[in-house]
K.L.:
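Before anything else, here's the structure in question.
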Number of protein chains: 2
Amino acid sequence: MIVILLFLYVKLVYMQQSVFQIQVQETLYIKDPTTSKVGKLILEQGLLLLEDIGLEEFTFKKLANKIASTESTIYRYFENKHQFLAYLFNFYWAWMDVNIAFAVTNIESSHEKLRRIIRVLTQKVNNDMRTPYIDEEVLQEVIAIESSKTYLSKKVDQENNAGYFVQYKKLVDRIANIILEINPSYSYPNALVSTILESSFHQRYFGMHLPRLTNEMHIQERLEDFLIDICLKTLK
Amino acid sequence: MIVILLFLYVKLVYMQQSVFQIQVQETLYIKDPTTSKVGKLILEQGLLLLEDIGLEEFTFKKLANKIASTESTIYRYFENKHQFLAYLFNFYWAWMDVNIAFAVTNIESSHEKLRRIIRVLTQKVNNDMRTPYIDEEVLQEVIAIESSKTYLSKKVDQENNAGYFVQYKKLVDRIANIILEINPSYSYPNALVSTILESSFHQRYFGMHLPRLTNEMHIQERLEDFLIDICLKTLK
DNA sequence: TTTTTTTGATAGTAATACTATTATTTTTGT
DNA sequence: ACAAAAATAATAGTATTACTATCAAAAAAA
């Protein structure tokens, strides 16, 4: 408990509005977009544009038009669209980390913790009012589709050094520790966790677009059951 | 047995050189690249270029330079680089399908079949001399990194209709049937298979680039053990 | 209210993702 | 071996992308 609270204290910053706010690293932007109106507009409308047309078609020019601004302004916040995506990616996982931390607070059983974590991972999220410029439901959609593209690139090592994946790695570690509580002799805790996380995104996507690759995984309860079943049986 | 041989007969085309050759669908090219010298050069050098610089940096112009030809020539074979990738993607899975078919031939036990399949999936492949213009080892590397990009796009449904994913879907079905032999009441055979397939790529990649997300999965035996363990325990 | 910072407007460049045209080379059918 | 057909190379051109640079205007901070 104390460990978790300390953890939260370190990773969250207390703001004027007397709510917690999720922070991402300085390597993920040139100028912090949360500190200005245009910055927040970039986040808000950029996310919606990404949802709309996907990463490949997404350009700063189109976003600039959408927010009635200019390319040069957006380039003052983000180096390029990949950094923008990495920003959202880290925001998402930092936020999920908090959700998961709350979901397992006061739970004794490690099995139950894992079940709750998987529920949080497979559930459709609720919009978080503390960040009005980020629609978390849309964010989840976008990250599910685009996140693998952040690391499946020739620039992985460089981007990894720049901290593009810290939040994700932290979360994997945290869940892996719970895996080890359940079965301390299991050899592949991190691998199991990252497999589950990736699968939660891709299976849902397959359910919607490539149904032959899956078994109705667009239905949340099925996806949840599928993943919990794999985890608990694997750890027995 | 007979079913498998018939299957092979249908999906493979007997060629002059008295060897089997893997064929991909007509929707995956404008002009069949295997029917000409430049076509084969495009495949061969295109694959190497992809390995070298990745899909994002890959352009037909660069490939044209590499093979001392022109953009317009390449465009006569493939609509764009995504179709080119889809061609390789289907070639890969068609070829793995054959490898897997041979690996399980004459094997009685379904458990053993599954073990052998996972071995084939996680092993570094050997170059297949029947297709001198495709270096299968490089192909595996490239597909591992780029394949998700074929389906994680706004054009999935359209590309799915065009048959961009048939080979992959076929293979998933085939392995899913073996899963059902092991446990006929398991509810998520296809999902388990596609999870394993994706994981076999990504875990190895994590092992090499993002080690904190996995547990030394760049070592083939570990990856194999990890995946077999998950499958067999899940199906118990 | 001056200074500093941020934004908008405009311009420009090299590269990408193509399409089109025509001359030349290669393949093929007889 | 030769004409006809097909394929390729060379060249040009367009709209868009992915930036960078400059400078004036607007907004925020001192």
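Naming: A, B, ... by sequence-line order, numbering from 1 per chain. On a predicted model such as this, the values are computed, not experimentally measured, just so you know. Note: hydrogens, waters and symmetry copies are ignored here, and every other heavy atom, side chains too, is used.
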K.L.:
Scan B/Ile53, B/Leu48, B/Leu49 and name whichever one has a side chain to side chain contact (heavy atoms under 4.5 Å, CB included) with B/Glu51.
P.N.:
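Only one option passes, and that is B/Leu48.
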
K.L.:
Classify the nucleic acid contact of A/Lys62 as base, sugar-phosphate or nothing, counting any heavy atom under 4.0 Å across all strands shown.
P.N.:
sugar-phosphate

K.L.:
For B/Ser72 and D/dA9, is the shortest distance between a side-chain N/O and OP1 or OP2 below 4.0 Å?
P.N.:
no

K.L.:
Respond yes when some side-chain nitrogen or oxygen of A/Thr73 is under 4.0 Å from OP1 or OP2 of C/dG8, and no when none is.
P.N.:
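It does, given that an N or O in the side chain of A/Thr73 lies less than 4.0 Å from OP1 or OP2 of C/dG8.
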
K.L.:
Below 4.0 angstrom from OP1 or OP2 of D/dA21, is there any side-chain N or O of A/Tyr75?
P.N.:
no

K.L.:
Go through B/Arg212 and A/Asp173 one step at a time and tell me if the side-chain contact (heavy atoms from CB on, under 4.5 Å) criterion holds.
P.N.:
CA-CA 8 Å; B/Arg212 225 176 127 191; A/Asp173 264 347; 2.7 Å; yes

K.L.:
Please determine whether a side-chain nitrogen or oxygen atom of B/Lys61 lies at a distance below 4.0 Å from atom OP1 or OP2 of C/dA17.
P.N.:
no

K.L.:
Figure out the CD1/P separation between A/Ile30 and D/dC19, and round it to whole Å.
P.N.:
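After rounding, the gap between these two atoms is 10 Å.
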
K.L.:
With a cut-off of less than 4.0 Å, is there a side-chain N or O of B/Ser36 near OP1 or OP2 of D/dT8?
P.N.:
yes

K.L.:
Anything under 30° is parallel, anything over 60° is perpendicular, the rest tilted; go ahead and classify A/Phe78 against A/Phe84.
P.N.:
perpendicular

K.L.:
Mind checking if A/Tyr77 touches a base, just sugar-phosphate, or nothing, with heavy atoms under 4.0 Å?
P.N.:
sugar-phosphate

K.L.:
D/dA9, OP1 or OP2 - any side-chain N/O from B/Ser69 closer than 4.0 Å?
P.N.:
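Answer yes for this pair, as a side-chain N or O of B/Ser69 is under 4.0 Å from OP1 or OP2.
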
K.L.:
Measure the acute angle between the ring planes of A/Phe226 and B/Tyr188, then classify it against the limits of 30° and 60° as parallel, tilted or perpendicular.
P.N.:
perpendicular

